[in-house]
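Worksheet: the structure to be examined is printed underneath.
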Amino acid sequence: MSKLQPVRGTADLLPDVMAQHRLVIDTARQATARYGFQEMATPIFEFSEVFSRPLGESSDIVTKENYSFADRGGEQLTLRPENTAGVVRAMISGGLTQSLPLKYFYAGPMFRYERPQKGRMRQFHQVGIEYLGPNDALADAEVISAGARFLAQLGVLPHCVLHLNSLGDAESRAAYRAALVSFLQTHESALSDDSKRRLVVNPLRILDSKDTGDRDILQTAPKLQDYLNAVSKAHFQTLTTALDAAGVTWVFDPLLVRGLDYYCHTAFEFVTDALGTQGTVLGGGRYDGLSEMLGGPAVAGVGWAAGIERLAMLAGDAAVVVPKVAMLSTDPETDLAAFQLAETLRDTGVDIEFPTAGAIGKKLKKAARSNIRLAIILGGDELAKNTVQLRDLTTGTQAEIAMADLADAVAAALLAP
RNA sequence: GCGGGUGUAGCUCAGUUGGUUAGAGCGCCAGUUUGUGGCACUGGAGGUCGCCGGUUCGAAACCGGUCACUCGCCCCA
């Protein structure tokens with residue numbers, strides 16, 4: 001690495017990309033605020049156990065895919081790989097279980113040590129919501145509707161399909177898991193090597209295997225929905241009825257699963273085929289068991305997270321906000337007066353560009369190229385008369401006006417179409 | 001972690017079977033225009049050909065390694 005380059009899997013967010021991120025974040029905040037979700041933030045790093053306890057100390061995720069380190073005091077810390085655990089930890093730490101329900105929105109960077117691909121960075125960014133407290137299906141419906149509304153406002157919902165499944169409650173899950181494992185064990189020799197391994201560490205994940213041989217076997221495997229008990233069936237029924245009533249379209253995806261035990265009932269993903277293999281754009285579900293795994297009281301929760309990079313790619317270009325007015329001094333003798341005049345105009349609420357170097361011709365050229373609409377030109381002649389030249393760069397018209405009238409003239413010119 | 005592809009100027013890319021000072025367009029800078037932009041013309045800057053090593057009289061090109069990006073697998077809290 002002789003050239004100075006960013007760390008693998010990280011990227012600078014230069015203004016045009018940052019504007020896309022800004023649009024995604026602002027749209028998410030506004031869409032979820034409509035449901036009462038309030039923005040909050042947790043620290044970017046936590047004690048490692050916040051992330052390792054729900055996952056299991058020895059899982060691949062914890063041992064291979066987290067950015068973990070000991071700080072100078074010897075504390076084992078981890079850069080957050082996702083934000084749900086941090087939000088639930090904040091609820092427990094702050095005694096917020098006295099104030100349920102909680103509806104939180106967040107946005108920020110997450111860190112996972114994975115092999116980078118398009119739409120999969122080591123530092124990436126997410127927006128998300130968590131709804132803590134309720135365990136009823138209408139809460140799930142509201143969370144999913146908020147996600148759909150966000151994607152719709154961003155203009156990407158037409159490119160996405162909402163996949164929906166029910167994992168059932170703990171009892172249903174356990175019963176299904178046992179049935180699936182015993183079925184797959186009778187077919188173990190025909191499974192792919194990956195799935196043989198998954199059969200031990202995470203059997204539900206075999207359901208979304210991409211191996212064609214595995215898929216053939218799964219044709220005759222026991223179905224998750226056949227193992228849902230009455231409570232689980234009712235939960236899913238209420239959810240889908242509510243989504244239909246809200247006009248949120250969805251498809252049943254019996255192979256959509258979550259591997260970890262604290263998940264239950266609802267699992268959902270908005271998926272696009274426009275981004276290659278990294279197609280999930282917003283995903284989430286219900287995690288009623290998480291708070292207890294973190295050492296807190298039993299508090300139900302449901303939420304989602306969405307990848308800002310992927311959404312930005314789908315949403316396309318966003319406008320970078322730049323000044324529409326430039327203050328141009330013709331020579332060094334008028335620089336200070338122009339600087340002062342620019343300040344007084346900024347006081348009136350106008351964004352002003354003030355190029356400090358170059359001849360007036362160069363300044364005008366630069367202004368025109370950067371889509372500046374109005375150029376205020378101040379030279380010695382004008383300064384002596386307390387006037388400026390106000391030039392409209394789109395029409396090429398120019399007028400001499402008194403400095404006292406400048407703020408009004410600029411405001412009027414910017415209002416014109 | 002595994003497999004495939006790619007890497008030449010700020011950007012998009014040429015570069016013949018290995019051959020002498022590595023090119024184009026766009027962009028950038030300057031001039032034609034010393035107080036007025038877009039157009040045009042002229043000129044200029046910018047590259048140890050991702051990096052390291054090897055083969056060779058000679059490497060941007062061939063070989064090995066490495067780094068990064070990319071496509072897929074794995075993982076996906």
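It should be emphasised that the depicted structure is a prediction, and the values quoted were computed from it without experimental measurement. Letters A, B, ... are given to chains in the order of the sequence lines, protein chains preceding strands, and every chain is numbered from 1.
- Nucleotide B:G47 has no partner under the Watson-Crick or G-U criteria, as no pair reaches both atom distances under 3.5 Å.
- A:Ile377 has its side chain out of reach of A:Glu382: every pair of non-hydrogen atoms, C-beta onward, lies at least 4.5 Å apart.
- Shown here is A:Lys385, whose NZ atom has more than 12 heavy atoms of other residues, nucleotides or ligands within 6.0 Å.
- The pair A:Lys103-A:Glu142 meets the salt-bridge criterion, since a charged nitrogen lies less than 4.0 angstrom from a carboxylate oxygen.
- Comparing the P positions of B:C26 and B:C62 gives a spacing of 30 Å, expressed to the nearest Å.
- Taking atom P on both nucleotides, B:G65 is separated from B:C28 by 43 Å, rounded to a whole Å.
- A:Leu328 has its CG atom 10 Å from the C1' atom of B:G37, to the nearest Å.
- In this structure, B:G7 and B:C67 make a Watson-Crick or G-U wobble pair, each of the two defining distances being under 3.5 angstrom.
- Under the 3.5 Å distance criterion, with hydrogens and angles disregarded, a donor-acceptor pair is assigned to the side chains of A:Thr84 and A:Glu130.
- Using the Watson-Crick or G-U wobble rule with both distances under 3.5 Å, B:U21 pairs with nothing in any strand shown.
- Distance check on atom P: B:U8 versus B:U70 gives 14 Å, rounded to whole Å.
- Checked by distance alone, A:Gln389 brings no side-chain donor or acceptor within 3.5 Å of a matching partner on the base of B:U36.
- Applying the Watson-Crick and G-U wobble criteria (two distances, each under 3.5 Å), B:C62 pairs with B:G54.
- Look at the C1' atom in both B:G47 and B:U56: the space between them is 24 Å, to the nearest Å.
- B:G25 sits 11 Å from B:U42 when the P atoms are compared, rounded to a whole Å.
- Searching all strands for a Watson-Crick or G-U wobble partner of B:G38 with both distances below 3.5 Å returns nothing.
- At a threshold of 4.0 angstrom between heavy atoms, the contacts of A:Glu382 include nucleobase atoms, whether or not backbone atoms are also involved.
- As judged by a 4.0 angstrom heavy-atom cut-off over every strand, A:Gly283 is placed among residues making no nucleic acid contact.
- Residues A:His235 and A:Asp169 bring no donor and acceptor atom of their side chains to less than 3.5 Å of each other.
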Run the salt bridge (Lys or Arg N to Asp or Glu O under 4.0 Å) check on A:Arg258 and A:Glu269 step by step: do they pass?
CA-CA 11 Å; A:Arg258 296 272 121 97; A:Glu269 291 183 355; 2.8 Å; yes
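- Taking atom C1' in both B:C71 and B:C52, the straight-line distance is 27 Å, to the nearest Å.
- Remark: the A:Asp214 side chain and the A:Ser209 side chain contain an N/O donor-acceptor pair separated by less than 3.5 Å.
- With P as the reference atom, B:C67 and B:C51 are 15 Å apart, rounded to whole Å.
- The C1' atoms of B:U33 and B:C69 are separated by 45 Å, rounded to the nearest whole Å.
- Rounded to an integer number of Å, the gap from CG of A:Leu364 to P of B:C39 is 14 Å.
- Within 4.0 Å (heavy atoms only), A:Lys362 reaches sugar-phosphate atoms of the nucleic acid but no base atom.
- The partner of B:G72 is B:C2, judged by Watson-Crick or G-U wobble contacts that both fall below 3.5 Å.
- Closest-nucleotide positions on RNA chain B for A:Gly361 and A:Arg369 were compared, and the one nearer the 5' end corresponds to A:Arg369.
- Of all non-hydrogen atoms in A:Val248 and A:Ser145, the two that sit nearest each other are CG2-OG, 4.0 Å.
- As judged by a 4.0 angstrom heavy-atom cut-off over every strand, A:Ile360 is placed among residues touching the sugar-phosphate backbone only.
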Each nucleotide in nucleotides 69-77 of chain B should get exactly one letter: B, S or -. Can you fill that in based on protein heavy atoms under 4.0 Å?
SBSBBBBSB
